[in-house]
Amino acid sequence: MAKGSVLTPQAEDFPRWYQDVLAKAELAENGPVRGTMVIRPYGYSIWERIQAEIDARIKECGAQNAYFPLFIPESYLRREAEHVEGFSPELAVVTHAGGEELAEPVVVRPTSETVIGEYMAKWIQSYRDLPLLLNQWANVVRWELRPRLFLRTSEFLWQEGHTAHVSQADASAYAMRIHHEVYDDFLRDVMAVPVQLGIKTTRERFAGATNTMTCEGMMRDGKALQMATSHELGQNFARAFDIKYLGDDGAEHLCFTTSWGASTRLVGGLIMAHGDDQGIVVPPRLAPIQAAVLCVRDQPELAEVAERLSGELKDAGVRVHVDHRSGSFGRRVTDWELKGVPVRVEIGPRDLAEGLVTLARRDSGEKQTVSIESVAAVLPRILEEIQAELLASSIRRRDAATAEVSTLDEAMEAGRDGFARIPWSAIGEDGEATLNAKTLSVRCLQRPDGSLPESADEEDLVAVVARSY
RNA sequence: CGGGGAGUGGCGCAGCUUGGUAGCGCGCCUGCUUUGGGAGCAGGAGGUCGAGGGUUCAAGUCCCUUCUCCCCGACCA
């Protein structure tokens, strides 16, 4: 019979809930070395869906995938002053290999601007080679003092795009395009997470960038999570790595470069943006399993129907999984709830006698019985409904936890468990330091209407203040 | 690095004050009964008590050393 809740309730202890759900939904666990993460098959299947969606959008924007090495000469990092300063505290450096001390230490990439810059310089000769649009899927290492599975681990998986352009305007436009058409679009349309778009303050900017754009999502505990970033690097890296082209004017020019990334942190964002006390909730468009088919009892007639329905659903384009496990019905139901599968198709003897099956929605808990013949037609519609409802409820929750304020004190109050929007002019760099002292920060600067500014110099920018992960 | 906790079967914990045959819950295995929201009963497997040293007839328990992990503050996707 039913027992107490499987997870620590969110309201009681949100970090504990997060750890519980990672374990119970079989998403990930700690690796043997502090800060490392083992991503379990179900967790990884979610990441694979994220990759597929983001990868398709990146290619739509014209970038091509390539792969650069994990090991980078330490000297490369040093060529860009701000870059090395920003990353040196979290670098993993290999000093010994092959049984000997290395002549030049090798760093494990914390990001690949430097190596890629070196090769861009080699590949780019003329303006006809531009823009050069590259992306790579890789692991990177940033030694973390306070790791949290998916959110902040010493090694993580990500996608990093690197591009080179003829002009500031081109570079800027492309970075912005990626930000809108890859990240914002994916987060909203697939992950059902509405984000605050904006640019980072100088303090929060990527090491070596001239401008950093961010997508800030709100988690269920009111804290912000940076879910993707895009950087304009100006000519900083072009200068450091000599990325030049011969223009149609016959003269040499330095390129303008960009970089942009999204990581396995998104899995953490998914968990915390939609999860509830029953487990995680995966939006249908993202879900590796959109429908789990399970039999109430272990009877051949039921299993037969399950197989038939599974085939029909596959034909209808639904990602379906038949649960063949034995064991109590309640146990299996709870498991799919923990894993956030959007719809359960439950086949029981009583329903079957009437030619019916039960469909149970993960988002609302709502159940309905439908005829067996209609399942394949009805289910895709329900999935789209769930997708829309998840986005709508996320927007409602975000709006309810977002306050428009005008003073620093009000921002510090409202930012404690939500977003506070305040004129940037009311904070300034001094105010930003004050916020940081209170574990708050300026997540981004945006226009009053919430849109993405072109630069921090625009008039009347609004700061989004919050606690963050 | 600063402050606070904890190391005991796979997981979560008790036992330590007052040394004396290593326990509980969950999970796991077998069997039977079950299965419409984490089932019940019976039987069973599984532990050098983080590591090293010391005290003692005897150490999970007392003493010293050491390692690791977790939580809270200065950095980050």
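Since we're looking at a predicted model, the values are computed, not measured. Just so you know, these numbers use all the heavy atoms, side chains as well, and skip hydrogens, waters and symmetry mates. Labels below follow one simple rule: chain letters A, B, ... track the order of the sequence lines, proteins then strands, and each chain is numbered from 1.
Between the CG atom of Asp323(A) and the P atom of G37(B) there is a distance of 16 Å, given to the nearest Å. Atom CG of Leu440(A) is separated from atom C1' of G73(B) by 14 Å (rounded to the nearest Å). Atom-to-atom, CD of Glu160(A) to C1' of C76(B) comes out at 15 Å; the value is rounded to the nearest Å.
Less than 4.0 Å separates RNA chain B from at least one heavy atom of each of the following residues of residues 349-367 of chain A: Pro349(A), Arg350(A), Asp351(A), Thr358(A), Lys367(A). A heavy atom lying under 4.0 Å from RNA chain B marks the following residues of residues 263-275 of chain A, by number: Ser263(A), Arg265(A). Within residues 133-144 of chain A, the residues that have a heavy atom under 4.0 Å from RNA chain B are, in order of number, Arg142(A), Glu144(A). Contacts between residues 187-217 of chain A and RNA chain B, defined by a heavy-atom separation under 4.0 Å, are made by Phe206(A). The stretch residues 227-236 of chain A touches RNA chain B through Thr229(A), each having a heavy atom under 4.0 angstrom from the strand.
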Between the protein and nucleotides 41-47 of chain B, list every N/O to N/O distance that falls short of 3.5 Å.
none

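Applying the 4.0 Å criterion to OP1 and OP2 of G27(B), one finds that Arg331(A) has a side-chain N or O inside that range.
Nearest heavy atom pair, residue Pro89(A) against residue Glu85(A), reads CD-O, 3.7 Å.
Side-chain contact annotation: Gln51(A) with Gln159(A), donor-acceptor N/O pair under 3.5 Å absent. For the 3.5 Å distance criterion, the side chains of Ser468(A) and Arg443(A) qualify, holding a donor opposite an acceptor.
For the pair Arg332(A) and Gln226(A), nearest-nucleotide mapping onto RNA chain B gives the more 5' position to Arg332(A).
In this structure, Phe186(A) CZ and Glu53(A) CD are separated by 6.5 Å, a value rounded to the nearest 0.5 Å.
Residues Asp221(A) and Lys223(A) are not paired through a salt bridge, judged by the lack of any N-O separation under 4.0 Å between the basic side chain and the carboxylate. Comment: Arg362(A) engages Asp276(A) in a salt bridge, judged by a side-chain N to carboxylate O separation of less than 4.0 angstrom. Salt-bridge check for Lys200(A) with Glu216(A): passed, with a basic side-chain N closer than 4.0 Å to an acidic carboxylate O. The pair Arg79(A)-Glu74(A) fails the salt-bridge criterion, with no side-chain N (NZ, NE, NH1 or NH2) lying under 4.0 Å from an Asp/Glu carboxylate O.
Residue Gln64(A) places its CD atom among 12 or fewer non-hydrogen atoms of other residues, nucleotides or ligands, all under 6.0 Å distant.
Here the options are Arg205(A), His231(A), Gln226(A), the test is side-chain hydrogen bond (donor to acceptor under 3.5 Å, both in side chains), and the partner is Thr212(A); only His231(A) passes. For the side-chain hydrogen bond (donor to acceptor under 3.5 Å, both in side chains) with Arg177(A), the qualifying choice from His179(A), Glu181(A), His180(A) is Glu181(A), the only one to do so.
Every residue two or more places apart in sequence or in another chain was checked for a ring pair (Phe, Tyr, Trp, His ring centres under 6.0 Å) with Tyr469(A), and none qualifies. Legend: residues meeting salt bridge (Lys or Arg N to Asp or Glu O under 4.0 Å) with Asp184(A), ordered by chain and number and at least two apart, are absent.
Taking atom P on both A39(B) and A58(B), the two are 50 Å apart, rounded to the nearest angstrom. Comparing C76(B) with C69(B), their C1' atoms are spaced 22 Å from each other, to the whole Å.
Sorted by first then second residue, the ring pair (Phe, Tyr, Trp, His ring centres under 6.0 Å) pairs that include residues 323-348 of chain A, not counting sequence neighbours, are His321(A)-Trp336(A).
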Practice item. Go along nucleotides 67-72 of chain B 5' to 3' and tag each nucleotide: B for a protein heavy atom under 4.0 Å from its base, S when only backbone or sugar atoms are that close, - otherwise. Key: --SS-S
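Secondary structure note: stems in RNA chain B built from 3 or more consecutive Watson-Crick or G-U wobble pairs under 3.5 Å occupy B:1-7 with B:67-73, B:10-13 with B:23-26, B:28-33 with B:39-44, B:50-54 with B:62-66.
Counting non-hydrogen atoms under 4.0 angstrom, Thr153(A) reaches a base of the nucleic acid. No contact: Gly86(A) has no heavy atom under 4.0 Å from any strand. Residue Gly348(A) is classed as a base contact, given a heavy-atom separation below 4.0 Å to a base. Within 4.0 Å of Leu151(A), counting heavy atoms only, lies at least one base atom of the nucleic acid.
Ring geometry for Trp137(A) versus Trp47(A): interplanar angle over 60°, hence perpendicular rather than tilted (30 to 60°).
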Please output the side-chain donor-acceptor pairs of residues 338-349 of chain A that fall under 3.5 Å, not counting sequence neighbours, one pair per line with the distance.
{"from": "Lys339(A)", "atom 1": "NZ", "to": "Glu26(A)", "atom 2": "OE1", "distance (Å)": "2.9"}
{"from": "Lys339(A)", "atom 1": "NZ", "to": "Asp335(A)", "atom 2": "OD1", "distance (Å)": "3.2"}
{"from": "Lys339(A)", "atom 1": "NZ", "to": "Asp335(A)", "atom 2": "OD2", "distance (Å)": "3.4"}
{"from": "Arg344(A)", "atom 1": "NE", "to": "Glu346(A)", "atom 2": "OE2", "distance (Å)": "2.9"}
{"from": "Arg344(A)", "atom 1": "NH2", "to": "Glu346(A)", "atom 2": "OE2", "distance (Å)": "3.2"}

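No aromatic stack links Trp158(A) and the base of A77(B), using centre distance under 5.5 Å and interplanar angle under 30°.
Nearest nucleotide to the side chain of Glu90(A), out of U35(B), A39(B), C76(B): C76(B). Side-chain proximity of Thr334(A) to A77(B), G36(B), G37(B): nearest is G37(B).
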